Each structure stands twice: as C-alpha cells, then as structure tokens.
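As the structure is a prediction and not an experimental result, all values here were calculated from the model.
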Amino acid sequence: MGSNEETDKSNSFFDSSSPSEPLLSKPTFSPSLPSPSPPPIEEATQPLPDESDPNQYLQISYNYGIRTFKDLPFLILFAFFVICTFAFGIFSIFHRNQNYFRLSSYTYDFNSTSCVKDSLSSSTDGFFETHVYYYLLSSSNSGVWKALIWSLVITLILSAPICFLLLLLLNHYTKQIVYISLPFFVVIPIFFNVYWFVACTVSSSCSDVFPLVYRILVLVFVFLVIGVIVWIFVVNWHRIELTVMIIGVASDALSKNLGLFVALPLLTLCLVVYYAPIIVFLVFSRHNGKIVPKESSAGYACVWKQDSWVPAYYALAILTMLWSLTVMIEAQVYVISGTIAQWYFTKEDSAPKRSIRSSLRNAFGPSSGTVCLSGLLICVVRMVRAAVDSARQEDIPGMVNLMLRCCVNALLSAVDFLNKFTINFAAITGEAYCTSARMTYELLKRNLLSAVFVETVSSRLLAGIAFVLSAIYAIVVCAILKGVSNLGVDSYFVAVLAWVLLIVVLGFFIHVLDNVIDTVYICYAIDRDRDEVCKQEVHEVYVHLPISRSHRSPIVPGTPDV
C-alpha cells in the first residue's frame, strides 16, 4: 500500500456500491441525497441506532476523547462483592472467640453438661504458638534457610536486569536469540533427564525407593516427550522466520514504552496489598464459633464448632479473590493495549504523552465495568474448566456425561476465542464488552485475518526462551552453592526455588510481550480496514500473516495475497 495510491484506494475501498464495503467504515453519500446529520465529533466507534445495517459504523481509531462508562452493572456487582467481603471480615475480627486457641484447656463437666475450662491446664495456653515461633527462629539460623533467603533475594534483584537484557536482545538480535535458543529446547530436557537417572542410580537411598524398572520407564517417557517437541519444531519450521519478525516488532514496541515495567509491577503489588486484609479475615473467621461437647465412642469430648455463616464467608471471600485476580489481569492487559495503541497511532515525528496514565485512568474509570465483566467471564471459564477436568479424572461412565463434557468444552473454547482480542479492542475504542467482541470479530473476518498463528507459535517460542534462561540460571546457582557451601542435596532444593522465582518473573515478561503482540495485531487490522499505514515496519511484517480462505473479499491494492 504505497502512499501515492491512497486517494484511488480510498475511493474504491469505501465505494457504497461495492457489496464488500467494510462494516466499520464511513459510508460515502451521494450529493443528490439529503445530507445526514453530522455524527458526534469523536474518534471512537459509536454504532448508530440501526445496527442491522452493515454501514452504520464509523471508522475505528483510538479514542483520545472523553469516554463514557460502560458495563456499569458489573462494576456495581464487583464492588458489592468486595464490600461484603470486607464488611463480614471486619465483623469476624471483632466477633471472634478468644478461646479458639484454648480448646485443649477445656474438659467436659458432667454436672453442667457443658465444657468448662480446666485451671490446671491454663499454663499451656499459647505453648503451641511459642514453640512454633522458637522453631522458626532457630531454623532461620541454619545454613539451608540462609542460602535459600540469599538465593531468592539475589534472584529477585537480578530478575529485573535479566528481563531488560532479554528485551534488548530480542529487539536488536531477535533472529540470533531464537535460533540459539532452539537447540536448548531439546538439549536441556535431555540433560536433566539423563542427570536425574544417573544420580538416582548412583544414590543408594534413591535407587531403593525408585526401582530400576520405574526409572527406565520415566526415562523413556521423557524422551518420548522430547521427541514430540522435536516433531513440533519440524512441522512448524516454515513459520519460525515470520514469528521471529513478529517478536522483533513487539520487542521494539515494548522498548519504546518501558514505563509499563513500572506500572504493571505496581498494579501487582496493589493486588498483593489488597489480598492481605482478606487473608487476615479468612484466618480470623475460623475463630468465630464456640466450644461444645461432642459424644463419641470414648465418651464426651470438647470440640470447636464454627458458626454457620463461616463456610459461606469462605466461599464469598475466595470467589472475590479469584474475581479480583482475573480483573487485575484484564486491567493489566487493558493498560498494555491502550499504551501500545497510542504508540502505534502516533506519527513517527512525535511521541505519545502520558499514554500509560491515560490507559490507567480509562481502565479504572470509564472501562472499569468492562474490565470487571471480562474478568468475571475468565473466572467462570476457569472454574467450569476445573470442574470438567475433575469430572474427567473421576471417569464417570455414560454417554450423556461424555456429550455434556464435549458441549461444555466447546462452549469454553468459544468463550476463550471471543475474549481473545475483546479487551484489546475495548482499550483502543472504549466500547462496551459485547460491542467490542462483535466488532473485533467483524474486523478480523472482513480483513481475512486469523489470530491462530500469532497466538500459538510466538507464545511457545517466548515460553521456551524463558525456560532456557531460567534453567541455565538454576544450573549456575546449584554449581555456586555446591562450591561455596556444604548443603549437599539441599542445594538442589534451593536451586529449584530460585528457578521457580526467575521463571515466574520471566513468565510475567512473556505475558506482557504476548499482549503487545496481540495489540499490534489489532492495530494492524484497524490500519488495514482503514487503508492506512501508521507504522510501516509493522505492515512489512504482518502483511505476511496467513489469511482465512473461507471468507473471500477484495484485497486492498498493493497488498500481496499470501
């Protein structure tokens, strides 16, 4: 799409006589017809009343104007859940029974047929808490705890420069990093597989617990998994080159918005601070009850009986925490999408101002209801999927059960597909959730774009790179611990925890980069729909994406049909 062809292309592209006119583009009006009333002056996509007419949508672009509140009922519902959780939690603290920790001091009195406190046992009150305190205090002085704490602290400190270094390398040396990492996807699993087999064979304690036959079975199984990984590489080898370019474009976009690495961890920290009082409420809610006698085969005993409302509060608090987690995840995706979209639609000779601040304001302001709805859908899908997986493990027989599971899996897959780019589109336009889902689907369908390729291959490659880096780091940590300490087998435990911490941090980095890829993809689709080129380097890469052959429509002149 050259710039010198823009006028001719736009005239043919928006011709009202064409049956394939874009659904979300501005229609042209004949001079002989009465001129319609001008639409409101804003850059957001605002559907006109008659939504059945495919020409009733304005052009899509980033909405820099004032946005109205959308999906407000779901924001009110989420606020109601949070208020109830905190209100009953505060009540549980002031209503708690102080005798919860003194249960062992109570004995059954046959005269009063109730539990009474034994004065001889009062000296043991708080013994358990004191014992645990001194145990932890003494354990903290051991070599294992010191090595573990220092390893985790150093790993946490080094994780930030490791992420920035990885971003820098992916931005400038994407192809080299990917192709260097690919052999390690196979070499590192082979190394660990052979290493544990030899180590367990040499160790008498491990070989006694784990017989040779089982060790050989696990060894062969892991090698089969590695073979599947190699087969996946061979099958998708022709896609690697395009994926490398996509990752490079996303890394460049992220490197120009480094403020996200400050805003997103702060949002995660806010979630942790928000979780802290709820966890305290859950702990103190267990203290609401009374000590009652219970008859058993050995006679009467004093047991703790919780108040009837405590299980219901547990369900409410856990549901609120899960919903809050998914809401925060979607809010982060919203902030990433809004920030990257502002960078994308900004001219090359200027830079977006306060893009992160405006995205945060929109996410927790006008679009907060949309974020809550998206988080609720994800939370429900995860809970239903967990229930289906649990039912599958129980292996309940019956054709009806099998058909029900197939229908549920199909429904969950449809919801996942619907939710894939919805929050990205909502961050760009400020539309409601359902409107964003419908318009995103029409946008991709009209431009013959498919998100399957971008979603799978690039995510797997980035996850593999994160695994390789964290595994190499864990090996280095284990070697250092074996050289400077006498931890023995405990050094493996410390190295594994350091590996887990680093892979969590790198996983967060990959999550951000994945969302950047999705946002750039939607922005490219908007450009293609409007017959514009806001970022030439993005079009040079994304124009090679595979198209959907099931729905044919005219291709914009100058764009190769790949």
Asks: Are I177 and V244 packed together at the side-chain level, in the sense that at least one heavy-atom pair is separated by less than 4.5 angstrom?
Replies: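 A side-chain contact under 4.5 Å is absent here.
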Asks: Between D527 and C534, what is the shortest heavy-atom contact and its length?
Replies: OD2-N, 2.8 Å
Asks: Keeping the roles fixed (side chain from Q342, backbone from S355), state whether a donor-acceptor pair exists under 3.5 Å.
Replies: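 Confirmed, Q342 side chain pairs with S355 backbone.
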Asks: Examine distances only and state if a side-chain atom of T155 and a backbone atom of A498 form a donor-acceptor pair shorter than 3.5 Å.
Replies: no
Asks: Does the side chain of I162 reach to within under 4.5 Å of the side chain of F509, using non-hydrogen atoms?
Replies: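 A side-chain contact is absent here, since even the closest heavy-atom pair is not under 4.5 Å.
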Asks: Check whether any side-chain heavy atom of T339 sits under 4.5 Å from a side-chain heavy atom of L260, and report yes or no.
Replies: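 In contact.
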Asks: Applying side chain to side chain contact (heavy atoms under 4.5 Å, CB included) to V477 and I154, what does each step give before you reach the verdict?
Replies: CA-CA 10 Å; V477 170; I154 293 174; over 6 Å; no
Asks: Do any N or O atoms from the side chain of S251 and from the backbone of I247 form a donor-acceptor pair under 3.5 angstrom?
Replies: yes
Asks: Begin with the C-alpha distance, continue with both residues' side-chain angles, and end with the deciding distance and a verdict on side chain to side chain contact (heavy atoms under 4.5 Å, CB included) for M321 and I279.
Replies: CA-CA 9 Å; M321 293 177 69; I279 295 174; 4.2 Å; yes
Asks: Might you confirm whether atom CZ of F184 has over 12 heavy atoms from other residues, nucleotides or ligands at distances under 6.0 Å?
Replies: no
Asks: Looking only at heavy atoms, what is the nearest atom pair of A253 and V516, with distance?
Replies: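 What the structure gives for the nearest pair is CB-CG1, 4.0 Å.
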Asks: Going by heavy atoms in the side chains, are F261 and L167 under 4.5 Å from each other?
Replies: yes
Asks: In terms of the angle between their ring planes, are H511 and F508 parallel, tilted or perpendicular, with boundaries placed at 30° and 60°?
Replies: tilted
Asks: Using modelled atom types only, decide if a donor and an acceptor are shared between the side chain of K535 and the backbone of T346 within a distance under 3.5 Å.
Replies: yes
Asks: Check the angle between the aromatic planes of Y524 and Y542 and answer parallel, tilted or perpendicular using the 30° and 60° thresholds.
Replies: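 Tilted: the ring planes of Y524 and Y542 meet at 30° to 60°.
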Asks: Under the 3.5 angstrom rule, does the side chain of D71 hit a backbone N or O of Y433 as a donor-acceptor pair?
Replies: yes
Asks: Do the numbers put R354 on top of the ring of Y64, so that NZ or CZ is under 6.0 Å from the six-membered ring centre and no more than 45° off the axis?
Replies: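 So R354 doesn't make the cation-pi contact.
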Asks: Would you say that T370 contacts Y334 through its side chain, given a criterion of any heavy-atom pair below 4.5 Å between the two side chains?
Replies: no
Asks: Using every non-hydrogen atom in the two residues, find where I188 and F467 come nearest and quote the distance to one decimal.
Replies: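 Scanning both residues completely, I find the closest heavy atoms to be CG2-CE2, 4.0 Å.
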Asks: Taking all atoms of both residues into account, what is the closest heavy-atom pair of G430 and S367, and its distance?
Replies: CA-OG, 4.4 Å
Asks: Please confirm whether the backbone N or O of I340 pairs with a side-chain atom of N257, one donor and one acceptor, at under 3.5 Å?
Replies: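 Not confirmed, N257 side chain does not pair with I340 backbone.
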Asks: Would you say that more than 12 heavy atoms from the other residues, nucleotides or ligands in this model lie under 6.0 Å from the OH of Y173, or not?
Replies: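 Count not over threshold, so no.
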Asks: Any sub-3.5 Å donor-acceptor pair from W323's side-chain atoms to V82's backbone N or O?
Replies: no
Asks: Can you find a heavy atom in the side chain of Y313 that is under 4.5 Å from one in the side chain of F281?
Replies: yes
Asks: Let me confirm one number: the CD1-OG1 distance from I90 to T85, rounded to the nearest 0.5 Å.
Replies: 11.0 Å
Asks: I would like to know whether M383 and L319 meet side chain to side chain contact (heavy atoms under 4.5 Å, CB included); could you show each step before the answer?
Replies: CA-CA 10 Å; M383 293 175 63; L319 180 60; 4.1 Å; yes
Asks: Classify the ring geometry between W309 and F88 as parallel (under 30°), tilted (30 to 60°) or perpendicular (over 60°).
Replies: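 Aromatic pair W309/F88 classed tilted.
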Asks: Using a 6.0 Å cut-off, check whether atom OH of Y274 has over 12 heavy atoms from anything other than its own residue.
Replies: yes
Asks: Output, in order, the C-alpha distance, side-chain angles, deciding distance and verdict of side chain to side chain contact (heavy atoms under 4.5 Å, CB included) for F185 and L461.
Replies: CA-CA 9 Å; F185 294 178; L461 273 178; 4.0 Å; yes
Asks: Is it true that a side-chain atom of R96 and a backbone atom of I93 form a donor plus acceptor pair closer than 3.5 Å?
Replies: yes
Asks: To the closest 0.5 Å, what do you measure between SG (C434) and NZ (K70)?
Replies: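 One finds 12.0 Å between SG of C434 and NZ of K70.
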Asks: Testing the basics here: between F364 and A331, what is the closest heavy-atom pair and its distance to 0.1 Å?
Replies: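 Reported closest heavy-atom pair: CZ-CB, 3.9 Å.
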Asks: Are S159 and L506 packed together at the side-chain level, in the sense that at least one heavy-atom pair is separated by less than 4.5 angstrom?
Replies: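 Contact flag for S159/L506 side chains = no.
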Asks: With a 4.5 Å limit on heavy-atom distance, are the side chains of L376 and F78 in contact?
Replies: no
Asks: How close do I278 and A317 get, heavy atom to heavy atom, and via which atoms?
Replies: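 Minimum heavy-atom separation between I278 and A317: CG2-CB, 4.2 Å.
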Asks: Kindly say whether S92 contributes a backbone atom to a donor-acceptor pair with the side chain of N288 at under 3.5 angstrom?
Replies: yes
Asks: Can any side-chain N or O of D529 pair as donor or acceptor with the backbone N or O of A525 at less than 3.5 Å?
Replies: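 No, D529 side chain to A525 backbone: no donor-acceptor pair under 3.5 Å.
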Asks: How long is the gap from CG on L322 to CZ on R382, to the nearest 0.5 Å?
Replies: 12.0 Å
